[in-house]
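Some notes on the structure that comes next.
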Amino acid sequence: MQPNTISIDQDYKRVLHIGTVALSYYQFQRSAPTEQDYAEWLSLLPELMRNRYKTQGFENAKTSIDFCRYFIMLRKREMAAYMQKNLCPEDYQLWLEKKDTPSNPW
C-alpha cells in the first residue's frame with residue numbers, strides 16, 4: 001500500500017460517510033459570488049484597487065482573477081466549516097489530511 005492512502009476495505013464506511021457529506025456540500029454550495037461577497041472583498045482591498053473595482057462594478061469584477069481567487073478561498077473556508085460541523089472530529093481530521101492529495105478517494 002502506498003503511504004498516505006486509506007485502506008478502502010478497512011475504512012469503507014468512513015470514506016463513504018465523508019464522501020456523502022462532501023457531496024451534500026457540493027449540492028448546496030453557492031456556485032457564483034454575490035454582491036455581498038463583492039462588497040466584503042472590496043473592503044479588504046487597498047484604496048486604489050478598491051476605487052478601480054468599484055468603478056468597474058460587480059458584473060465586471062466577476063471575471064477578475066483577483067475576485068475569483070477571493071471567492072474560491074471563501075468557498076474553501078465554507079466547505080471546511082461545513083465538513084467540521086457534519087463530521088465527527090476523527091473523520092474531519094482524516095478529511096483535512098486527505099482532501100488535497102492526488103489519491104483523494106472522495
Side-chain angles (χ1 to χ4, degrees):
M1 179 183 299
Q2 296 177 355
N4 295 328
T5 59
I6 297 172
S7 168
I8 299 299
D9 293 335
Q10 189 176 26
D11 295 323
Y12 179 76
K13 287 183 180 182
R14 284 181 74 194
V15 170
L16 184 61
H17 175 67
I18 293 168
T20 300
V21 172
L23 178 62
S24 70
Y25 170 78
Y26 283 113
Q27 288 175 331
F28 299 106
Q29 76 173 348
R30 299 178 303 129
S31 59
T34 65
E35 291 199 39
Q36 181 179 346
D37 297 326
Y38 174 67
E40 289 171 4
W41 175 68
L42 285 176
S43 73
L44 300 172
L45 296 177
E47 186 177 356
L48 289 173
M49 281 183 75
R50 181 179 27 225
N51 292 339
R52 180 172 49 120
Y53 281 112
K54 270 186 179 179
T55 302
Q56 292 176 358
F58 173 61
E59 289 302 317
N60 289 324
K62 286 198 264 184
T63 59
S64 157
I65 291 173
D66 294 325
F67 185 50
C68 289
R69 282 187 189 141
Y70 172 78
F71 184 64
I72 289 168
M73 179 201 63
L74 211 83
R75 284 183 38 196
K76 283 183 178 182
R77 278 196 312 231
E78 289 173 353
M79 183 172 192
Y82 181 88
M83 297 299 280
Q84 186 173 24
K85 179 181 174 186
N86 290 286
L87 293 172
C88 70
E90 295 81 17
D91 287 353
Y92 176 67
Q93 187 60 43
L94 180 61
W95 175 77
L96 282 175
E97 292 169 8
K98 302 295 182 182
K99 69 183 180 67
D100 294 324
T101 60
S103 61
N104 186 348
W106 47 82

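The structure displayed is predicted, hence computed values, not measured ones.
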May I ask whether [X] and [Y] are part of the same hydrophobic cluster, defined by side-chain heavy atoms of I, L, V, M, F, W, Y residues being less than 4.5 angstrom apart, directly or through others?
{"X": "Tyr26", "Y": "Met73", "result": "no"}
{"X": "Ile72", "Y": "Met83", "result": "no"}
{"X": "Leu45", "Y": "Leu48", "result": "no"}

Provide the closest heavy-atom pair for [X] versus [Y] in the form atom of the first, atom of the second, distance.
{"X": "Glu90", "Y": "Arg14", "value": "O-NH2, 3.3 Å"}
{"X": "Asp66", "Y": "Trp41", "value": "CB-CZ2, 3.7 Å"}
{"X": "Arg50", "Y": "Ser43", "value": "NH1-O, 3.8 Å"}
{"X": "Ser64", "Y": "Tyr53", "value": "OG-OH, 3.1 Å"}

| query | Should Tyr38 and Lys62 count as side-chain neighbours, where that means a heavy-atom distance under 4.5 Å? | reply |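 No. Closest side-chain heavy atoms not under 4.5 Å.
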| Beyond-backbone contact of Leu74 with Glu78, side-chain heavy atoms, under 4.5 angstrom |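 They are in contact (side-chain heavy atoms under 4.5 Å apart), so the answer is yes.
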| query | Heavy-atom count around Gln36 CD within 6.0 Å, excluding the residue itself: above 12? | reply |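 Result for CD/Gln36: open.
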| message | For the CD1 atom on Ile65, are there more than 12 heavy atoms of other groups (residues, nucleotides or ligands in this structure) within a distance under 6.0 Å? | response |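 No.
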| query | Relative to the ring of Phe67, is the ring of Tyr70 parallel (under 30°), tilted (30 to 60°) or perpendicular (over 60°)? | reply |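 It falls in the parallel class, under 30°.
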Side chains of residues 16-25: which donor-acceptor pairs under 3.5 Å do they make with residues two or more places apart or in other chains?
from, atom 1, to, atom 2, distance (Å)
Thr20, OG1, Leu16, O, 2.8
Ser24, OG, Val21, O, 2.7
Ser24, OG, Tyr82, OH, 2.6
Tyr25, OH, Arg75, O, 3.2

| Rounded distance (nearest 0.5 Å) linking atom CD of Gln84 with atom CD of Gln93 |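 One gets 10.0 Å once the value is rounded to the nearest 0.5 Å.
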| query | Does the Asp37 side chain pair with the main chain of Pro33, one donor and one acceptor, at a distance under 3.5 Å? | reply |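 Not confirmed, Asp37 side chain does not pair with Pro33 backbone.
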